[in-house]
Amino acid sequence: MTAVATLVTAQAAPQRIVSAIPAVTEILFAIGAGPQVVGVGSYDRCPAEVEDLARVGGLIDPDIEAILALEPDLVVPYATQRDLISQLESARIPLLLYEHGSLGDVLTTILALGRRTRRSAQAERVARGIEQNLAAIGTALTDRPRPRTLLVIAREPNSLRNLFASGGVGFQHDMLVLAGGENVLAGTSTRAAQVTTETILQLAPDVVLEVRAGDTMTEAEIAREAAVWQTLPSLPAVREGRVVFLAGSDLVIPGPRIASAVARFARALHPDAPGLGQ
Amino acid sequence: MTHDRLAAGRTLAPTAPPARKEGVSSRTNARWSLRRRLAVAVAAFGSLAVLAIVVAPLIGPTPIALGRVFDRSVPFADNVDAQIFFIARLPRALAGAVVGASLAVAGVVFQALLRNPLATPFTLGVSAGASLGAMLVITFGVPLALGGVPAVPIASLFGSLGAAGIVYAMATLRHRGLSTTVLLLAGVTLNSFFSAIIMFVQYSGDFAQTFQTVRWLMGNLDVSGFQPIAAALPLTGAAFVMFATLPRALNLLTLGGDSAASRGVDVLRTQRVAFLSASLATGAAVSLGGPIGFIGIVIPHLVRLLVGADHRIVMPASACLGAAFLVTCDVAARTVMAPLELPVGVITALTGGPFFLWLLVRRR
């Protein structure tokens with residue numbers, strides 16, 4: 001999947017931008033177009049400036065009325081928001097569509113947003129910064145063995161039921177690979193794979209990496225959730241004490257913080273590798 | 001109660017529909033035939049259930065060696081085959097049996113209690129209450145755990161019992177006795193009301209939580225251990241003890257409350273026991289496996305098509321067939337798309353539905 005950039009009209013730099021998805025909002029602020037953003041999605045929390053902006057719904061429930069009321073001259077919907085797109089098109093509002101399949105798409109979107117907001121230089125600086133940071137992580141991990149990792153993205157609280165892990169496609173899989181891990185589910189062609197206890201036992205991951213979208217996890221929470229894994233004592237990850245919890249929106253938003261998120265993954269997978277920063 | 005049951009027994013044989021259907025003329029014949037039919041049905045459906053429970057743990061995407069599974073010389077912590085068998089497969093089969101049997105019999109009881117063939121264990125809001133409980137815990141992360149049982153099953157059990165309590169209170173509050181009409185209306189209304197709250201809770205949660213709650217609604221038997229089953233068993237056991245007292249009275253109740261009362265059935269008491277036991281069984285089943293659909297309606301009707309309408313046979317036969325059916329569906333759920341898991345609720349509906357339709361058409 002690649003990022004799709006459609007220019008409905010392309011004249012002057014837009015002055016009233018609406019972004020309904022966290023990743024795009026972060027990118028716009030990162031490339032210096034923040035002052036032009038007038039509306040953001042319900043789930044947008046980053047950067048802090050968005051707290052004061054109007055909310056326009058989210059991926060599944062965009063609020064077309066709120067968007068139109070903001071009189072935007074650029075809206076950046078996700079490519080699957082078809083109803084929203086056709087409504088905005090009939091209202092003749094300029095659009096820039098995008099889709100984040102893989103991690104590479106994030107860079108494409110950054111550059112596309114840069115061109116559209118007349119901030120190509122800044123966008124290129126941001127994109128190049130991400131590329132350099134990822135390359136540095138790659139260098140730091142050269143010749144290191146890749147631990148076979150189960151990247152857990154969701155499960156029921158204090159049980160292993162309804163467990164979803166990253167399959168072999170999507171930006172989280174890409175992050176895991178760039179962080180020097182081998183995805184035990186690399187063979188599945190789905191982003192969120194529901195796996196059974198039997199499959200986990202059979203895959204026998206060296207590391208279990210659990211990501212949570214919330215800002216923090218308390219020590220008690222981590223202890224409680226880590227204890228759940230003791231029911232599968234044969235897993236190398238359980239025996240070696242390599243069940244790791246990471247919390248933060250940067251881990252689940254394919255935006256400009258992606259390189260530092262990959263570095264967090266890398267530090268979790270290779271705690272003794274030098275040159276991965278803090 | 002003993003007196004009532006005796007009275008019911010005396011009058012049942014010549015008038016009950018199944019006996020008539022089989023063309024049995026004398027009372028002695030009817031009794032003998034009932035016992036024989038019961039034995040045949042329980043033997044047939046029971047062996048299906050046992051077969052499913054025994055075979056299910058042997059099937060799975062990973063080849064395991066049975067010799068190694070039971071090899072005591074290898075420590076359990078090192079024995080992957082044993083762990084796959086005892087953690088991943090056997091608990092699932094047992095959980096499937098408990099949930100399948102509970103939902104099937106609860107379906108039979110609700111259909112008789114409400115005298116409505118479309119009633120399911122979920123008609124009276126029990127599953128909506130359970131779903132709401134589960135949803136609240138998943139979305140707001142209540143750190144609730146009792147004796148090692150995780151928060152989601154506990155919350156869903158409380159939700160289901162709460163819903164049953166509300167519906168029961170509504171149906172008894174301003175009526176002498178238990179009004180099944182009010183019971184049905186209150187249940188259906190509570191279902192929609194709880195669904196509205198569920199939608200609101202989902203709306204307030206973030207994307208991952210919404211996804212998780214939607215997935216919970218499709219049912220899942222991957223209990224990864226015996227503890228969740230052990231936690232549900234006292235409730236399920238209590239419900240089945242109550243079920244055992246019901247069949248004769250339910251036979252008469254299906255003819256109507258007045259006519260059952262005239263034949264010596266304590267109607268209110270029967271209704272209470274029926275409602276309480278079926279709600280308890282449903283609540284325990286949903287907390288163990290999620291609201292797995294279709295079993296509570298397909299299995300009872302399937303069994304009736306095969307053995308007639310006498311609850312003395314329908315109830316045990318439904319329990320066995322429900323168990324066999326869900327255990328089998330769960331084998332499909334965990335193997336068809338391995339290493340991915342399919343929601344078991346998808347399998348029960350996909351396989352049960354067309355088969356039931358075919359049976360309906362064939363019998364007419």
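The shown structure was predicted, so the numbers you read here are calculated from the model rather than taken from an experiment. Numbers restart at 1 for each chain; the letters A, B, ... are given by sequence-line order, proteins then strands. Hydrogens, waters and symmetry mates play no part in the numbers below; they use all other heavy atoms, side chains included.
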* Asked: What part of A:T196 gets closer than 4.5 Å to chain B, counting heavy atoms only: side chain, backbone, both or neither?
  -> both
* Asked: What part of A:T190 is in contact with chain B, defined as an atom under 4.5 angstrom from a non-hydrogen atom: side chain, backbone, both or neither?
  -> side chain
* If you draw a 6.0 Å radius around CD in A:E65, do more than 12 non-hydrogen atoms from other residues or ligands fall strictly inside? -> no
* **Exceeds 12 heavy-atom contacts within 6.0 angstrom, atom CD of A:E51** => yes
* Heavy-atom pair of closest approach, residues A:T199 and B:P339 -> OG1-O, 3.3 Å
* Asked: How long is the gap from OG on A:S189 to CG on B:L340, to the nearest 0.5 Å?
  -> 8.0 Å
* Apply the side-chain contact (heavy atoms from CB on, under 4.5 Å) test between A:E156 and each candidate in B:N220, B:V137, B:V152; give the one that qualifies. => B:V152
* **CE/A:M217: more than 12 non-hydrogen atoms of other groups inside 6.0 Å** => yes
* Can you name the nearest heavy-atom pair linking B:Q83 to A:L201, along with the distance? -> OE1-CD2, 3.2 Å
* Is any side-chain heavy atom of B:W216 closer than 4.5 Å to a side-chain heavy atom of A:R161? -> no
* Would you check if there is a donor-acceptor pair between the side chains of B:D222 and A:T197 at a distance under 3.5 Å? => yes
* Heavy atoms from other residues, nucleotides or ligands near CZ of B:F193 exceed 12 (cutoff 6.0 Å) -> no
* Asked: Once you round to the nearest 0.5 Å, how far does CZ of B:R334 lie from CD of A:Q194?
  -> 14.0 Å
* **Interchain contact, A:L203 with chain B, by part (heavy-atom threshold 4.5 Å)** => neither
* To do: Examine the side chains of A:E198 and B:T62 and answer whether a donor and an acceptor come within less than 3.5 Å of each other.
  => yes
* Mind listing the closest non-hydrogen atom pair of B:A151 and A:N158 along with its distance? => N-OD1, 3.2 Å
* Neighbour count >12 (heavy atoms, 6.0 Å) for atom CZ, B:F76 -> yes
* Contact origin within B:I64 toward chain A - heavy atom pairs under 4.5 Å -> neither
* To do: Answer yes or no: is there a donor N or O on one side and an acceptor on the other, between the side chain of A:R239 and the main chain of B:A77, under 3.5 Å?
  => yes
